[in-house]
Participant: 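First the structure, then my questions, so here it is.
These numbers were taken from a predicted model, which means no experiment stands behind them.
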Amino acid sequence: MKTAATAAAAATLVPTAATAQAEANPFGKARLKLGFDNFSIRALKWKAAELISYAEKQKVDVLLISDLDTMLDADGTHSADHLKLMGAMSRDAGIELQVGTLAICPTSTKFNNRWGTAEEHLRLLLKVAKGAGSNVARCVLGFGEDRRTPGGIEARIKDTVEVLKKVRSQAVGDGIKIAVENHAGDMQAWELQGLIEGAGKDFVGCTIDSGNATWTLEDPQNNLEILAPYILTSGIRDTMMWKTDTGASVAWTAMGEGLIDWKPYFATWAERCPERPVVLEIISGFSKPFPYLKKDFWEAFSKIRPHEFAAWLALERKGHEIPPFRASAAKTDAQFQLEDLEKSLRYAKETLGLGRKA
């Protein structure tokens, strides 16, 4: 006959469904969607169909194809039939397909007129998104160098807002939201927030990038706190930082190999934007110097907020130097990128409890 004590002991040995769910998802809610950005494995030069097939094998929920070239058909066009086929292929695989491009600011240092004017470029992105069945169109303002251009990043934000407003009716009519990224050192979170509010948050949101936050002297956790209400998609990776004679170096890493404390990060994510996907964009193998002890460095960050820089410095002081990756016959760039992405996906699923197919 079972006593109350034996029943209690048994209960501690046999987890309930609720306990099992809590163990599977440390954030106490439905598991966050997990995916990857094709830029993580750019050296393979796969087209959309190959990426969708790979994403299905990796059992992810979302695939972000963040450049327009990868969505081209065999004839080098964005034909309606091809886009429709890619959309159908992703749906059949149970994968949410998202599409994107790079700079849409006409005065960015890296704007490329290959796809026409900035407005034409953005309209093409919306066409590709609609054709492939993506309700998100990811793009960027530009790059860190834009902070040093005439008028600074404020002028580039103004120019980008003007372009975004020109395509509002197309985006709203097609049910697509434009997800502007904090990209490669161009905007801090509060600056991107201003861009979104200025353009119109009814059709513009953000692609939050945790690694790029560190390139604008931000702690990714603080960056998330500001941008959470605007997140549509993401580009997530870990970061290592260390002190140098002139300031610091920042190296992006595979998930779990850097300094970022992901548990509070994704607890905030699960609470504030639980249906937005965690899309891994793993870019590693090199470091970038941040010589903040030199006076001219601050020309690009004249309006930095002290509490955000302090949080960034706190990360730097926890880190240590890591060597760069050198491609060789033993390990090519493609092999290195595949390895880093796949171990990051495992870490996200097994350690962080992300992914609805896990």
Side-chain angles (χ1 to χ4, degrees), residues 37-39 42 45 47-48 51 63-73 75-80 82-84 86-87 97-147 149 151 153-187 191-192 195-196 198-207 209 212 230 232-233 235 279 281:
D37 184 322
N38 72 301
F39 195 71
R42 57 205 173 278
K45 299 182 180 179
K47 291 297 188 182
L51 287 162
L63 169 64
L64 170 57
I65 294 179
S66 58
D67 67 281
L68 291 171
D69 279 305
T70 303
M71 292 299 292
L72 291 169
D73 63 18
D75 296 324
T77 68
H78 293 108
S79 66
H82 177 69
L83 295 175
K84 185 177 180 181
M86 293 304 97
L97 180 63
Q98 299 178 335
V99 300
T101 193
L102 282 173
I104 54 109
C105 175
T107 52
S108 167
T109 56
K110 295 292 180 69
F111 177 73
N112 187 330
N113 63 5
R114 177 185 172 191
W115 307 109
T117 66
E119 180 183 346
E120 290 167 342
H121 186 173
L122 192 48
R123 289 191 184 279
L124 174 61
L125 173 61
L126 290 170
K127 172 194 166 185
V128 171
K130 181 182 179 182
S134 172
N135 59 8
V136 169
R138 173 264 193 184
C139 60
V140 311
L141 179 156
F143 295 77
E145 296 93 326
D146 295 327
R147 300 190 69 87
T149 55
I153 199 65
E154 295 88 354
R156 307 290 76 75
I157 289 171
K158 181 176 179 291
D159 295 341
T160 305
V161 166
E162 289 177 4
V163 174
L164 288 163
K165 286 182 174 180
K166 288 177 182 177
V167 305
R168 181 185 179 279
S169 60
Q170 181 180 348
V172 172
D174 291 341
I176 298 167
K177 288 199 170 184
I178 300 169
V180 183
E181 183 176 315
N182 57 308
H183 183 254
D186 62 358
M187 288 180 288
E191 292 166 331
L192 178 51
L195 180 152
I196 294 166
K201 61 183 180 180
D202 61 321
F203 78 106
V204 179
C206 83
T207 302
D209 191 302
N212 287 333
Y230 307 98
L232 299 172
T233 189
V279 177
E281 185 185 19

Participant: Output, in order, the C-alpha distance, side-chain angles, deciding distance and verdict of side-chain contact (heavy atoms from CB on, under 4.5 Å) for Leu164 and Leu195.
Facilitator: CA-CA 10 Å; Leu164 288 163; Leu195 180 152; 3.7 Å; yes

Participant: So how far is it from Phe39 CZ to Leu64 CG, rounded to the nearest 0.5 Å?
Facilitator: 12.0 Å

Participant: Taking only residues two or more places apart in sequence or in another chain, which ones pass side chain to side chain donor-acceptor pair (under 3.5 Å) with Arg147?
Facilitator: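 Only Glu191 meet the side chain to side chain donor-acceptor pair (under 3.5 Å) criterion with Arg147.
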
Participant: Please round to the nearest 0.5 Å and tell me the distance separating atom CD of Glu281 and atom CG of Asn38.
Facilitator: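 Atom-to-atom, Glu281:CD and Asn38:CG are 8.5 Å apart.
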
Participant: Once side-chain contact (heavy atoms from CB on, under 4.5 Å) is applied, do any residues pair with Ser169, and if so which ones, sequence neighbours excluded?
Facilitator: none

Participant: Nearest 0.5 Å, what's the NZ-NZ distance between Lys130 and Lys84?
Facilitator: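 NZ of Lys84 is found 12.5 Å from NZ of Lys130.
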
Participant: So which heavy atom on Gly235 is nearest to which on Thr207, and how close?
Facilitator: N-CG2, 4.2 Å

Participant: At what distance, to the nearest 0.5 angstrom, does CZ of Phe143 lie from NE2 of His183?
Facilitator: 4.5 Å

Participant: Would you compute the distance between atom CG of Asp159 and atom CG of Leu141 and round it to the nearest 0.5 angstrom?
Facilitator: 8.5 Å

Participant: Go through the structure and list residues passing side chain to side chain donor-acceptor pair (under 3.5 Å) with Asn113, not counting sequence neighbours.
Facilitator: none

Participant: Applying ring-ring contact (aromatic ring centres under 6.0 Å, His included) as the test, list every pair that has at least one member in residues 156-182; sequence neighbours left out.
Facilitator: none

Participant: What pair of heavy atoms forms the shortest contact from Ala171 to Ile178, and how long is it?
Facilitator: CB-CD1, 4.4 Å

Participant: Who passes side-chain contact (heavy atoms from CB on, under 4.5 Å) against Val128, sequence neighbours left out?
Facilitator: Leu68, Met71, His78, Leu83, Val99, Leu124

Participant: With sequence neighbours excluded, tell me which residues meet side chain to side chain donor-acceptor pair (under 3.5 Å) with Asp146.
Facilitator: Ser108, Thr109

Participant: Restricting to side-chain contact (heavy atoms from CB on, under 4.5 Å), what partner residues turn up for Asn135, sequence neighbours left out?
Facilitator: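 Only Glu96 meet the side-chain contact (heavy atoms from CB on, under 4.5 Å) criterion with Asn135.
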
Participant: Hey, does Cys139 have a side-chain heavy atom less than 4.5 Å from the side chain of Val180?
Facilitator: yes

Participant: Under the rule for side-chain contact (heavy atoms from CB on, under 4.5 Å), what residues qualify as partners of Asp73, not counting sequence neighbours?
Facilitator: Asp75, Thr77, Ser79, His82

Participant: Can you sort out the partners of His121 under side chain to side chain donor-acceptor pair (under 3.5 Å), two or more places apart, ordered by chain and number?
Facilitator: Thr101

Participant: Excluding sequence neighbours, so at least two apart, what forms salt bridge (Lys or Arg N to Asp or Glu O under 4.0 Å) with Glu154?
Facilitator: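 Glu154: salt bridge (Lys or Arg N to Asp or Glu O under 4.0 Å) contacts with Lys303.
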
Participant: For the atom pair CG (Leu102) and CZ (Phe111), what is the distance rounded to the nearest 0.5 Å?
Facilitator: 11.0 Å

Participant: Test: salt bridge (charged side-chain N to carboxylate O under 4.0 Å, His left out). Region: residues 176-186. Which pairs qualify, not counting sequence neighbours?
Facilitator: Arg138-Glu181

Participant: Should the pair Glu162-Lys166 be classified as a salt bridge under the 4.0 Å nitrogen-to-oxygen rule?
Facilitator: no

Participant: Determine which pairs satisfy salt bridge (charged side-chain N to carboxylate O under 4.0 Å, His left out) with at least one residue from residues 98-114, sequence neighbours left out, and list them in order.
Facilitator: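 Listed once each, the pairs are Asp69-Arg114, Lys110-Glu145.
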
Participant: Would you say the side chains of Gln98 and Thr233 form a donor-acceptor pair under 3.5 Å?
Facilitator: yes

